[in-house]
Amino acid sequence: MQREQISVFDMFKIGIGPSSSHTLGPWRAAQQFVELLQQKQVLDLVVGIKVLLYGSLAKTGRGHGTDIAILLGLSGDDPVTFEVDRIDTKITQITQDHKLLLGGIKPISFFFDDDMLFLFTESLPFHPNAVTFQAFLSNETAVSGTFYSIGGGFVVKEGEQTQHKLEVDLPFPVETAGDLLHWCRKTGLKISEVVTENELAWRSEQQTRDGVMNIFKVMQECMYRGCHTAGSLPGGLNVARRACALNKRLLKGHTYTNYIEWVLAMRQTGNSFQNILDWVSCFALAVNEENASFGRVVTAPTNGAAGVIPAVLQYFISFCDGLDDQKIIQFLFTASEVGSIFKKGATISAAMGGCQAEIGVSSAMAAAALTEVLGGSQRQVLMAAEIAMEHHLGMTCDPIGGLVQVPCIERNTMGAIKAITASQLALQSNPDKAKVSLDAVVKTMWQTAQDMNSKYKETSDGGLAINIPISLPEC
């Protein structure tokens with residue numbers, strides 16, 4: 001059987017919040033449909049478009065910005081480069097003028113209420129996150145395509161089992177944690193070094209290093225921006241942003257003008273347990289408050305869990321003297337490999353597995369990465385990932401109002417703290433005496449996902465989503 005090949009740049013994607021599966025994925029799906037029209041050489045013949053949203057995309061699509069993402073994707077805009085400050089203006093223009101520039105080229109009429117259909121009671125069998133595009137042509141024919149947003153920004157077209165990607169001969173193919181450990185034992189390589197060798201099959205080492213450091217740069221900028229932006233989050237819940245005030249309070253008057261000076265300033269605030277705990281929470285809050293505000297973030301492995309890995313990495317940088325490019329790359333390489341094992345053996349989609357698939361996986365990724373950069377053995381790294389996930393099993397996804405805010409943002413702080421705790425436990429433990437393997441917990445997580453009631457899988461039909469009285473504005 002052909003193994004799924006996942007690169008570090010598949011696990012870490014630059015995009016715009018608030019959700020990788022409900023925002024970034026649909027955005028990419030819309031782009032792929034435009035590409036399909038171009039390949040069929042019918043883009044100039046399109047006179048109208050209908051968008052059909054199914055399952056979880058329908059039920060929580062408005063709160064997650066699915067409609068916004070699709071309109072931008074159909075317009076030819078890219079989530080990596082599109083200026084987030086222009087989102088509101090562009091969407092308002094499309095909805096008020098009832099005009100959409102398809103692929104940035106072909107003007108067509110688009111009436112939101114008639115052409116964007118939320119099919120709340122319908123679901124397609126392959127995956128809960130499904131969208132169908134229908135393009136009507138001037139010659140009275142039509143072209144359609146159905147796409148599934150399977151989590152983490154990954155998109156699969158109907159009829160294909162995985163997203164299209166260049167297949168290469170990897171020197172160390174990995175499907176399970178057992179496979180990974182086999183290669184580490186055989187070669188003596190660290191987990192991050194196995195990743196390094198595999199990435200060479202796609203591109204040069206320098207290209208990979210530059211790309212990963214750009215991923216870190218986006219994480220860093222997102223966190224820094226979140227720590228310096230006050231106010232309330234959009235969407236109608238009126239959730240107050242907390243990272244800015246917490247950052248200011250923790251710094252106790254220390255001044256700075258850039259990221260490096262900020263790191264030096266926070267180091268001067270002390271290494272007490274309470275202080276570090278507060279800082280880690282601040283880091284995670286900052287990222288996910290940006291995510292909830294349609295800011296630019298990195299899937300890690302998803303947008304809803306985007307704050308865990310940056311928070312733990314920033315903890316390492318700020319309080320373990322980890323501001324070193326090689327260590328940062330090592331951290332992100334290790335995290336990506338653990339994330340890929342969960343994607344291959346289970347899921348990273350909350351619509352498939354609940355929040356254990358997002359916060360749980362991100363916590364496992366962060367725990368493993370921190371353990372490696374702190375000097376842990378390969379088996380301790382995998383043990384840390386297992387410990388982190390073991391204590392997220394069964395976590396539901398029940399966003400209030402369909403927004404990636406409550407309880408999502410605080411869950412990132414919990415996932416980050418659990419990751420650090422799991423790493424410390426692994427570093428102080430003998431893996432020979434471990435009772436549960438990482439592969440066993442991956443299998444258990446997938447079984448739990450399959451058993452979980454659908455109302456706890458990013459539908460806002462259960463849990464906190466129905467027990468917290470709210471009144472959101474009409475869309």
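Counting begins at 1 with the first residue of the sequence.
Two residues are said to be in side-chain contact when any heavy atoms from C-beta on lie closer than 4.5 Å; F172 and D179 fail this criterion. Counting only heavy atoms from C-beta outward, the side chains of T208 and F333 approach each other to under 4.5 Å. The closest side-chain heavy-atom distance from N198 to V194 is below 4.5 Å. Side-chain contact between I328 and L313 is present, with heavy atoms from C-beta onward closer than 4.5 Å. Counting heavy atoms from C-beta on, the side chains of S336 and F12 come closer than 4.5 Å. Taking the side chain as every heavy atom from C-beta outward, T66 and F118 never approach each other to under 4.5 Å. Counting only heavy atoms from C-beta outward, the side chains of F342 and M389 approach each other to under 4.5 Å. No side-chain heavy atom of N129 sits less than 4.5 Å from a side-chain heavy atom of Y54.
With S429 contributing its side chain and P431 its backbone, the two residues share no donor-acceptor pair below 3.5 Å. Between the side chain of T371 and the backbone N or O of V381, no donor-acceptor pair lies under 3.5 Å. Side-chain atoms of E386 never come within 3.5 Å of backbone atoms of L438 as a donor-acceptor pair (strictly under, hydrogens ignored). K344 places a side-chain N or O within 3.5 Å of a backbone atom of V174 that can act as its donor or acceptor partner. Judged by distance alone, the side chain of H64 and the main-chain N or O of T60 form a donor-acceptor pair under 3.5 Å. Under the 3.5 Å distance criterion, the side-chain polar atoms of S318 are left unmatched by any main-chain donor or acceptor of Y315. The closest donor-acceptor contact from the side chain of K13 to the backbone of G152 lies under 3.5 Å. Between the side chain of T448 and the main chain of G394, no donor-acceptor pair closer than 3.5 Å is present. A donor-acceptor contact shorter than 3.5 Å is absent between the side chain of T413 and the backbone of I409. Using modelled atom types, no side-chain atom of E122 and backbone atom of G55 make a donor-acceptor pair closer than 3.5 Å.
Here the options are E175, E337, E4, E358, the test is salt bridge (charged side-chain N to carboxylate O under 4.0 Å, His left out), and the partner is K343; only E4 passes. If you run side chain to side chain contact (heavy atoms under 4.5 Å, CB included) between N291 and each of T302, V404, V298, only V404 comes through. Residue K59 is tested with D461, T459, T121 for a side chain to side chain donor-acceptor pair (under 3.5 Å); the sole match is D461.
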**Asked** What's the verdict on salt bridge (Lys or Arg N to Asp or Glu O under 4.0 Å) for R203 and E199, showing C-alpha distance, side-chain angles and the deciding distance?
**Response** CA-CA 6 Å; R203 69 196 78 79; E199 293 295 322; 2.5 Å; yes
**Request:** Would you check, one step at a time, whether the test side-chain contact (heavy atoms from CB on, under 4.5 Å) holds for R241 with T229?
**Result:** CA-CA 8 Å; R241 297 179 68 138; T229 305; 3.6 Å; yes
**Asked** What do the steps show when you test L52 against V131 for side-chain contact (heavy atoms from CB on, under 4.5 Å), and what is the final call?
**Response** CA-CA 6 Å; L52 285 65; V131 54; over 6 Å; no
**Message:** Does M11 form a side-chain contact (heavy atoms from CB on, under 4.5 Å) with L332? I'd like the steps, not just the answer.
**Reply:** CA-CA 10 Å; M11 296 310 301; L332 293 174; over 6 Å; no
**Message:** Run V312 and I417 through side-chain contact (heavy atoms from CB on, under 4.5 Å) and show every step you take.
**Reply:** CA-CA 8 Å; V312 176; I417 298 301; over 6 Å; no
**Request:** Test side-chain hydrogen bond (donor to acceptor under 3.5 Å, both in side chains) on T299 and S20 and set out the steps.
**Result:** CA-CA 7 Å; T299 63; S20 51; over 6 Å; no
**Prompt:** R411 and D398: salt bridge (Lys or Arg N to Asp or Glu O under 4.0 Å), yes or no, with the steps?
**Reply:** CA-CA 12 Å; R411 280 185 181 168; D398 49 354; 3.3 Å; yes
**Residues E290, R296; criterion salt bridge (Lys or Arg N to Asp or Glu O under 4.0 Å); working and verdict** = CA-CA 7 Å; E290 281 297 296; R296 196 172 311 284; over 6 Å; no
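Rounded to the nearest 0.5 angstrom, S363 OG and Q356 CD are separated by 12.5 Å. For the atom pair CG (L370) and OG (S423), the distance works out to 3.5 Å, reported to the nearest 0.5 Å. Atoms CG and OG1, on L464 and T396 in that order, are 7.0 Å from each other to the nearest 0.5 Å. Interatomic distance, CD1 of I276 versus SG of C282, reported as 14.0 Å (0.5 Å rounding). To the nearest 0.5 Å, atom CG of residue D321 and atom NZ of residue K327 are 10.5 Å apart. One finds the NZ atom of K418 at 12.5 Å from the CD1 atom of I387 (value rounded to the nearest 0.5 Å).
In terms of heavy atoms, A350 sits closest to A357 at N-CB, 4.4 Å. Of all heavy-atom pairs between G63 and L403, the closest is O-CD2, 3.2 Å. When every heavy atom of A416 is checked against every heavy atom of V280, the shortest pair comes out as CB-CG1, 3.7 Å. Closest of all the heavy-atom pairs between I16 and T23 is O-CG2, 3.8 Å. Across all non-hydrogen atoms, the minimal contact from A385 to A364 is O-CB, 3.4 Å. Shown here for P407 and P399, the closest heavy-atom pair between the two residues is CD-CA, 4.3 Å.
Aromatic ring orientation, F33 versus F133: parallel (interplanar angle below 30°, classes split at 30° and 60°). Relative ring orientation between F316 and F331 is described as parallel, the plane-to-plane angle staying below 30° on a 0-90° scale split at 30° and 60°.
There is no side-chain donor-acceptor pair under 3.5 Å between R242 and S281. Defined by atom type and a distance below 3.5 Å, a donor-acceptor pair is present between the side-chain atoms of Q326 and R209. Checked by atom type, the side-chain pair H22/S149 shows no donor-acceptor distance below 3.5 Å.
Salt bridge annotation for D278-R249: absent, with no cationic side-chain nitrogen under 4.0 angstrom from a carboxylate oxygen.
Atom CG of D169 has 12 or fewer heavy atoms from other residues, nucleotides or ligands within 6.0 Å. Around the CD atom of E410, the shell of radius 6.0 Å holds no more than 12 heavy atoms that belong to other residues, nucleotides or ligands.
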